[in-house]
> 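Dropping a structure here in structure tokens format, bear with me for questions.
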Amino acid sequence: MADKGEKLSILILLLLGLVQGLCEFLPISSSGHLVLLSRLFGVSDSLFVSIVLHIATLLSLVIVMRKEVFYLIRHPFSKEAMSIVITTIITCVVTIVLMPLISASFEGAFLPISFLLSAILLFVSQKLNRNDGKVNFKRASIIGLAQGFAIFPGLSRSGTTITAGMISGASKEESTRFSFLISLPIVVGSLILEIVKIFIYKEPISVNWLGLAFSFIVAFIAGILTIKFMLNLTKKLNFKYFAYYLIVLAIVSAIFLW
């Protein structure tokens, strides 16, 4: 993300790639971290850089969960595929309704509150780790509703959807796995919209290409490691530690942004 006519340094691009790769799949909000970093470094959003980094984490997700992805492609009318469709449709509807508020949220004013809400949700989810159900259509609807509200920076998409799944009766492992799978259509849809915006507004692309290439690799590798970490350790993972981190982040962002 850079001001018009200026190039991001390799260091900042690497930092953005690392943040995207780690925070996209940890329940701590990648968009919230990127908005906060943008404000701290005094740089504005670059759709092109955002697209490249999202493609990196999208590829990491497809590679790690390739068996599940190929199964969904081969069985588009399976119960799980239909559950993902239901979740995605509800998310899109909620996002459209909230659209007037979304642009303002990326200015950072709501960031401390969103970080705090994410922390509360993680505390709640930690109290619900005894559920053992699967994601059905009803639970998919609840998760879709939660994912729609998670469009706001600072409100973790993964944390919100995992919590919604657990509140509705799904296990922590099942909620985490489903949370990652439903990010695929959302990320693809977001990428298409961002690409369209570049053509509509004809945004000039000024970026350090070498730095962007390294940033892509960092985001890709960090994404793979984070996904494997979450999928393998979710059952034993205590979300309250992420919640503590988000509380600290809420305080820090309030100091710098308010």
Side-chain angles (χ1 to χ4, degrees), residues 23-32 35 54 57-58 61 65 68 72 76-106 110-193 230 234 239 242-243 246 250:
C23 300
E24 179 72 14
F25 303 108
L26 291 177
I28 53 177
S29 178
S30 61
S31 60
V35 169
H54 275 92
T57 49
L58 179 67
L61 180 59
M65 303 193 72
E68 290 88 344
L72 293 172
F77 298 106
S78 64
K79 184 176 181 180
E80 185 165 54
M82 290 295 98
S83 295
I84 292 175
V85 171
I86 291 172
T87 299
T88 303
I89 291 175
I90 294 177
T91 295
C92 291
V93 172
V94 174
T95 301
I96 292 173
V97 173
L98 296 177
M99 191 63 70
L101 299 175
I102 293 175
S103 297
S105 70
F106 277 88
F110 303 145
L111 207 53
I113 297 174
S114 295
F115 280 138
L116 189 58
L117 286 174
S118 286
I120 293 173
L121 287 174
L122 291 180
F123 279 127
V124 171
S125 68
Q126 192 56 40
K127 298 295 183 180
L128 301 172
N129 57 6
R130 296 181 180 179
N131 298 321
D132 58 2
K134 297 289 185 179
V135 175
N136 52 30
F137 292 157
K138 179 181 178 181
R139 290 165 184 161
S141 301
I142 295 173
I143 294 172
L145 183 64
Q147 184 171 237
F149 282 97
I151 191 67
F152 294 104
L155 194 57
S156 169
R157 190 206 65 81
S158 60
T160 301
T161 52
I162 291 172
T163 301
M166 294 173 67
I167 288 176
S168 63
S171 66
K172 182 189 286 188
E173 303 94 306
E174 178 68 10
S175 297
T176 300
R177 192 184 71 85
F178 189 74
S179 173
F180 287 166
L181 287 176
I182 61 176
S183 72
L184 288 171
I186 294 300
V187 172
V188 170
S190 298
L191 286 175
I192 293 174
L193 288 177
M230 287 294 291
T234 295
F239 284 172
F242 292 116
L246 286 169

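Only this structure's heavy atoms are used, side chains among them; waters, hydrogens and symmetry mates stay out.
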> In Å, rounded to the nearest 0.5 Å, how long is the span from OG1 of Thr88 to CD1 of Ile182?
7.0 Å
> Do Ser118 and Ser156 get their side chains close enough for a donor-acceptor pair, meaning under 3.5 Å?
no
> Just how far is it from atom CD1 of Ile142 to atom OG of Ser168, taken to the nearest 0.5 Å?
4.5 Å
> Between Glu24 and Val187, is the side-chain contact (heavy atoms from CB on, under 4.5 Å) condition met? List the steps.
CA-CA 11 Å; Glu24 179 72 14; Val187 172; 4.1 Å; yes
> Distance from Thr160 atom OG1 to Ile167 atom CD1, nearest 0.5 Å?
10.0 Å
> Hey, could you give me the OG1/CD distance between Thr163 and Gln126, rounded to the nearest 0.5 Å?
10.0 Å
> Would a distance-only check, ignoring hydrogens and angles, find a side-chain to backbone donor-acceptor pair under 3.5 Å from Ser179 to Ser175?
no
> Enter the distance from Ile186:CD1 to His54:NE2 here, rounded to the nearest 0.5 Å.
11.5 Å
> Measure the shortest side-chain to side-chain distance between Phe115 and Ile28 over non-hydrogen atoms and say whether it is less than 4.5 angstrom.
no
> Counting the benzene-type ring for Trp, do Phe110 and Phe152 have ring centres under 6.0 Å apart?
no
> Considering non-hydrogen atoms only, spot the tightest contact between Ser29 and Gly154 and give its length.
OG-N, 2.9 Å
> For Glu80, run the salt bridge (Lys or Arg N to Asp or Glu O under 4.0 Å) check against Arg177, Lys134, Arg139 and tell me which one passes.
Arg177
> So, taking the atom named OG1 in Thr161 and the one named CG in Leu181, what distance separates them when rounded to the nearest 0.5 Å?
11.0 Å
> Can you name the nearest heavy-atom pair linking Ile84 to Phe178, along with the distance?
CG1-CE1, 3.7 Å
> Consider side-chain contact (heavy atoms from CB on, under 4.5 Å). Of Leu117, Ile113, Leu111, which one does Leu155 pass it with?
Leu117
> Passes side-chain contact (heavy atoms from CB on, under 4.5 Å), Ser183 versus Leu61? Steps please.
CA-CA 9 Å; Ser183 72; Leu61 180 59; 3.1 Å; yes
> Using every non-hydrogen atom in the two residues, find where Pro27 and Gly159 come nearest and quote the distance to one decimal.
CB-CA, 3.6 Å
> Does Leu122 reach the side chain of Ser125, with side-chain heavy atoms less than 4.5 Å apart?
yes
> Would you sort out whether Ser31 and Arg157 count as a side-chain contact (heavy atoms from CB on, under 4.5 Å), showing the intermediate values?
CA-CA 9 Å; Ser31 60; Arg157 190 206 65 81; over 6 Å; no
> What heavy-atom pair brings Val94 and Phe149 nearest, and what distance separates the two atoms?
CG1-N, 4.0 Å
> Minimum heavy-atom separation for Phe239 and Lys172, please, with both atom names.
CZ-CD, 4.3 Å
> Considering all heavy atoms of both residues, which atom of Phe137 and which atom of Lys79 are nearest to each other, and what is their separation?
CE2-O, 3.5 Å
